[in-house]
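Please read the structure below before turning to the comments.
Computed from a predicted model, the values in this text were never measured in an experiment.
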Amino acid sequence: MSRFFVSFAALAALLLLPLAATAQEEAPARPFVYASYFECESTDQWMADMIVETVYKPVYDAAVEDGTISAWGWLSHHTGGKWRRGIYHIAPTVDALLDASDAVGEKIGETNAQAARQFGKICNVHEDYIWRSVNGSGDGVDVAMVPSKAGVSMYMVCDMAKQERADELMAAFAPVYNSHVKEGELSGWGWLQHQVGGKYRRLLTMRGADHKSVLAAWGAIVEEMDEKHDAASTEFSEICYTH
């Protein structure tokens, strides 16, 4: 499944995680996500969008069709933070992820090197991350906001010695998030762990029909967490202490 141009808000927040597999079930493989976050010239970023639509999109779509990647997306900044645009692709292993990045980059260069250079001038600073889907709704592909129209991404700085404990705490919070998906207030959510990149150790995504509904669901989730998981939420916030 491919997806072009999902709007995202790089905000700060709290928590999450999914339903565990039963003892008889084998947990599904969780994919890896290669994400590049760009700082762009705000007056020209529309041109970067056009380049992605006309030059990048056919290459990424072809990579999905031939199985090189399982999904991709182009993200547009809505609220918060310095990143103006983001692009990601998803694959089942790190090796496949890196091979796909090289192959797609080479193909784009062959297709229209001038457009690629122009994109680099508009969005001339970026950070690369490799994430692994730890939990969330669906099979892990949907953690990257596929195919919702709006999403909120919360990037967390965590104590590296205790971040696995944060993952454990998230398992207890999963029913709260899943209930809001079941009720249709969210279309999905995901929890990802840092593999390669900068200072952010964990990433929470929530997706929905529009930003207002996603933020309303988030507010309801926070209230429910305070009622049902107050001690665990406090412990989590001490581990992942800023975002």
Residues in salt bridge (charged side-chain N to carboxylate O under 4.0 Å, His left out) contact with Lys199, at least two apart in sequence or another chain: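 Counting only residues at least two positions away or on another chain, Lys199 forms no salt bridge (charged side-chain N to carboxylate O under 4.0 Å, His left out).
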Test of understanding: with salt bridge (charged side-chain N to carboxylate O under 4.0 Å, His left out), list the residues that count as partners of Glu185, not counting sequence neighbours.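 Not a single residue meets the salt bridge (charged side-chain N to carboxylate O under 4.0 Å, His left out) criterion with Glu185.
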Rounded to the nearest 0.5 Å, what separates atom [atom1] in [X] from atom [atom2] in [Y]?
X	Y	atom1	atom2	result
Ser179	Glu224	OG	CD	5.0 Å
Glu41	Trp46	CD	CH2	14.0 Å
Gln118	Ile51	CD	CD1	4.0 Å
Arg85	Ser76	CZ	OG	3.5 Å
Lys57	Met50	NZ	CE	15.5 Å
Phe236	His229	CZ	NE2	13.0 Å

Report yes if the side chains of [X] and [Y] come closer than 4.5 Å at any heavy-atom pair, otherwise no.
X	Y	answer
Met154	Trp218	yes
Trp191	Asp167	yes
Met206	Ile221	yes
Trp131	Gln195	no

Considering all heavy atoms of both residues, which atom of [X] and which atom of [Y] are nearest to each other, and what is their separation?
X	Y	result
Ser70	Ala91	OG-N, 4.1 Å
Leu192	Val33	CD2-CG2, 3.9 Å
Ser153	Thr205	OG-CG2, 4.1 Å
Arg30	Gly136	NH2-N, 3.4 Å
Ser187	Val181	O-CG1, 4.1 Å
Pro31	Ile90	CB-CG2, 3.6 Å

Return a table of donor-acceptor pairs under 3.5 angstrom between the side chains of residues 157-166 and protein atoms on other chains or two or more places apart.
| from | atom 1 | to | atom 2 | distance (Å) |
| --- | --- | --- | --- | --- |
| Asp159 | OD1 | Ala161 | N | 3.0 |
| Gln163 | OE1 | Arg201 | NE | 3.0 |
| Arg165 | NE | Glu235 | OE2 | 3.0 |
| Arg165 | NH1 | Glu168 | OE1 | 3.3 |
| Arg165 | NH2 | Glu235 | OE1 | 3.3 |

Verify same cluster id: [X], [Y] (apolar side-chain graph, 4.5 Å):
X	Y	answer
Leu186	Val176	yes
Leu203	Ile130	no
Val125	Tyr37	no
Val55	Val52	yes
Val196	Tyr88	no

Parallel, tilted or perpendicular: rings of Tyr200 and Trp83 (30°, 60°):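 Perpendicular, since the angle between the ring planes exceeds 60°.
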Parallel, tilted or perpendicular, as decided by the 30° and 60° cut-offs, for the rings of Trp74 and Phe38: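 Phe38 and Trp74: tilted rings.
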Under the ring pair (Phe, Tyr, Trp, His ring centres under 6.0 Å) test, which residues partner Tyr34, sequence neighbours left out?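 For Tyr34, the residues satisfying ring pair (Phe, Tyr, Trp, His ring centres under 6.0 Å) (neighbours in sequence not counted) are His89.
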Strictly distance-based, threshold 3.5 Å: is any side-chain N or O of His180 a donor or acceptor partner for the main-chain N or O of Glu183? no
Say whether, by atom type as modelled, one donor and one acceptor occur between the side chain of Asp210 and the main chain of Ser213 under 3.5 angstrom.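 Yes; at least one donor-acceptor contact below 3.5 Å.
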Under 3.5 Å, side-chain donor or acceptor atoms of residues 92-112 against the rest of the protein: list the pairs with distances, not counting sequence neighbours.
| from | atom 1 | to | atom 2 | distance (Å) |
| --- | --- | --- | --- | --- |
| Thr93 | OG1 | Ala96 | N | 3.0 |
| Thr111 | OG1 | Lys107 | O | 2.7 |
| Asn112 | OD1 | Gln114 | N | 3.4 |
| Asn112 | OD1 | Ala115 | N | 2.9 |

Under a 3.5 Å cutoff, is there a donor and acceptor pairing between the side chains of Tyr155 and Tyr129? no
Mind checking side-chain hydrogen bond (donor to acceptor under 3.5 Å, both in side chains) for Asp66 and listing every partner two or more places apart, or none if nothing turns up?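 Checked Asp66 against side-chain hydrogen bond (donor to acceptor under 3.5 Å, both in side chains); matches are Thr68.
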